[in-house]
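Data first, discussion second: the structure below is written as structure tokens.
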Amino acid sequence: MVPGPVGEEGDAVYRPVSSGAVGELAVEVTGLVKRYPKSPDNAVDGLSFSVRRGEVFGLLGPNGAGKTTTVGVLTTRVLPSAGTARVAGLDVVRDSVAVRGRLGVVPQRVNLDRSLTTRNNLVFHAAYHGLSRADRYARADELLERMGLADKAKVSVDKLSGGQSQRLMIARGLMHRPEVLFLDEPSTGLDPQARLFVHDRVRALRAEGVTVVLTTHDMDEAAKLSDRVGIVDHGRMLALDTPAGLVRSLPGSATLEVSVRPGDGSVQALVDAVGQLSGVARVERLGAGGTGGAGVDGVGGGAAGAGGAGAAGAAPGCSAVAARLRVYVTGEPAALVGPVVSALSALNASVSDLSIGEPSLEDVFIHLTGRDLR
Amino acid sequence: MSAPTVPSGPSGSSGGPADAGGRSSDGVPAGAAGSGAESGALGGRLAVGTVREPESSGALAAPPCGAGRAFLAVLGRDVHVTGKELVAFLAQTLIQPFFFLFIFAKVLGSAGFVSSGYGAIMLPGLIALNAFFGALQAVAFPLVLDFAWTREIEDRLLAPVPIPLVAVEKMLYGALRGLLAALLMVPVGLLVLSGVSWPLAGLAPALLCTALGAVLGGTMGLAIGTLVPARRINVLFAVIFAPLIFTGSVQFPWYALGKERWFQVVCAVNPLTYVSEGVRASLVPSVPHLPLGLCLLVTAVAIAVSAWVGIRGFLRRALD
């Protein structure tokens with residue numbers, strides 16, 4: 001699922017480089033800063049990254065992180081306050097007109113031309129981009145077919161559903177055969193079918209060698225589609241790697257979850273014993289709700305709610321009740337299964353269940369951007 | 001008048017019949033060329049007005065290139081949309097001025113409340129008004145809505161064409177629509193009023209004044225459309241449109257205001273006055289009027305100023 005290093009070979013096979021000035025990089029952002037006039041903070045604050053040709057690049061971040069502003073700069077609609085940005089080898093400020101000819105945009109909000117039919121939205125878009133008349137119609141029909149909109153060709157765009165509008169905007173973005181396609185929150189507000197369809201289209205584009213830059217706050221989407229993901233918050237790049245690389249980079253993020261019935265000792269003794277094993281970052285005792293935090297506090301909280309003094313008293317030492325431990329490991333979690341089980345057995349505790357928890361991109365995301373609501 | 005125009009604003013006002021638009025655009029330079037000494041001076045002024053738009057002049061000078069083609073495609077889109085809504089366009093253009101003329105000149109005239117020559121004075125004013133307002137509305141309403149809600153214009157802003165050129169397209173398109181609306185007013189006037197006679201020599205200058213009035217309407221539409229926030233769109237009618245319509249010397253010759261000196265001064269500030277007076281000077285020269293040269297000069301200056309304001313406003317709204 002997780003794509004490997006990105007498709008240079010795809011480049012060479014599918015998409016001849018169309019301009020001599022264009023190198024390996026489809027997008028190049030250096031020290032980008034954007035401050036809106038009345039805002040005290042920079043919306044984008046010294047962002048630097050680059051996207052290779054043929055790559056699917058995901059910009060992941062919470063709402064208001066600066067993703068859309070960044071895409072705005074790259075698509076020439078937002079003027080940067082400082083720094084440079086190049087798309088298809090051209091400066092987005094100095095060569096804005098040429099840049100617009102080489103990129104396609106699928107915006108977050110529907111901005112289809114409601115005075116035109118579905119097909120004419122594509123045809124006129126192609127005319128703006130200088131496609132020949134015959135090419136316009138042929139390509140419009142081809143893309144309508146590909147996007148499953150052929151039967152809607154003559155319909156007013158007012159009559160399209162959210163998913164259909166989204167597909168039409170993708171088709172429009174592709175009409176003039178852009179070198180780089182920007183997808184801003186491509187599947188926000190779509191039903192699962194429409195979302196999967198969009199994901200399929202993005203993968204197909206990658207196979208064709210089109211560079212895709214997508215912004216999203218959907219972890220699954222970013223992990224599924226992107227060759228590399230940049231996590232952005234407060235206008236800064238917090239991390240940038242392949243989805244797998246990001247997950248690996250999270251310290252102590254792989255976990256073992258153990259259900260254990262303590263023998264003679266207390267649960268705390270088990271926690272301490274496991275915690276001393278090498279390769280273990282820390283051990284958490286899970287409360288009833290299984291929340292991360294401190295397990296013991298969790299139990300106490302539950303007791304307060306239930307009003308049972310006995311429960312609170314029983315928590316530390318009640319050896320009859322099974323406990324659940326989450327072990328955060330620094331290396332491969334599978335390698336620690338044996339040591340953990342032996343350590344527990346040495347204390348006469350019996351392990352009833354053990355599972356390996358792989359961290360997700362979401363863990364990385366939360367680790368980097370925090371839990372605060374925006 | 002206002003009520004029926006608003007709804008058709010968002011989509012309808014961004015269009016103009018294709019072929020008719022094309023023809024009238026040809027008419028503009030022809031009229032300018034044919035109108036002698038004053039128009040020479042005016043041509044100079046106009047050029048000043050256009051030069052201020054940074055990227056546009058260069059791009060226009062080389063039409064076969066990508067930007068020129070994109071410009072024509074964007075114009076083609078507006079023309080296509082108007083073609084689709086031709087009936088709405090004609091209704092929007094003709095019904096209201098028809099009633100103006102019919103009630104004030106015909107009904108009140110034959111009832112004896114208004115003197116018989118009034119229709120001859122009002123028709124040139126209504127031609128000027130149609131040119132000016134037809135253009136202004138065609139530009140202002142869609143822009144207000146586009147920038148605030150629909151963002152439909154974004155696809156055109158992402159076309160490989162300099163942004164100021166998109167603004168110029170809006171003005172040009174509005175002007176074409178205004179000119180068409182004014183020309184359509186002529187047969188309506190001739191049908192409603194009896195015994196209208198215009199001097200042949202006045203037709204070319206009248207066409208020039210009308211065309212400039214349409215361009216002025218387009219540029220002011222751009223300025224208003226980019227300056228007025230969408231939630232203030234209702235205010236447009238009360239605060240901007242009504243005063244413009246009634247202080248534009250449309251329904252009266254400016255010199256007739258001698259007894260209302262303050263109002264005469266107010267009217268002198270409204271650029272529409274110079275369009276109305278210019279058309280009147282050309283078509284009914286016997287009525288006391290402002291000198292044609294002055295009318296052309298002021299109109300040209302007003303075009304330059306509002307085009308500058310409008311393009312700046314457009315850039316501000318189009319780019320963050």
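Letters go in sequence order (proteins before strands), and every chain restarts at 1. Source: prediction; values computed, not measured.
- Rounded to the nearest 0.5 angstrom, Arg77(B) CZ and Asp113(A) CG are separated by 4.0 Å.
- Between the OG atom in Ser96(A) and the CG atom in Leu157(B) there is a gap of 11.5 Å [rounded to 0.5 Å].
- Residues Val105(A) and Glu154(B) are not in side-chain contact: their nearest non-hydrogen atoms beyond the backbone lie 4.5 Å or more apart.
- With rounding to the nearest 0.5 angstrom, the CG atom of Asn111(A) is 8.5 Å from the CD atom of Glu152(B).
- With hydrogens and angles ignored, the 3.5 Å screen pairs no side-chain donor or acceptor of Arg69(B) with any backbone N or O of Tyr128(A).
- The side chain to side chain donor-acceptor pair (under 3.5 Å) pairs that include a residue from residues 230-240 of chain B number zero, where partners must be two or more places apart or lie in different chains.
- Of residues 163-174 of chain A, those residues with a non-hydrogen atom less than 4.5 Å from any non-hydrogen atom of chain B are, in numerical order, Arg172(A).
- Ion pairing between Asp320(B) and Lys34(A) fails under the 4.0 Å rule for side-chain N and carboxylate O.
- For the options Val74(B), Ile153(B), Asp155(B), Leu319(B), heavy-atom pairs under 4.5 Å to chain A are most numerous at Asp155(B).
- For Val110(A), the part lying under 4.5 angstrom from a heavy atom of chain B is the backbone only.
- Here the CG atom belonging to Asn120(A) is positioned 4.5 Å from the NE2 atom belonging to His80(B), to the nearest 0.5 angstrom.
- For Leu112(A), the part sitting under 4.5 Å from any heavy atom of chain B is the backbone (N, CA, C, O) and nothing else.
- Using modelled atom types, one side-chain atom of Arg100(A) and one backbone atom of Val161(B) make a donor-acceptor pair closer than 3.5 Å.
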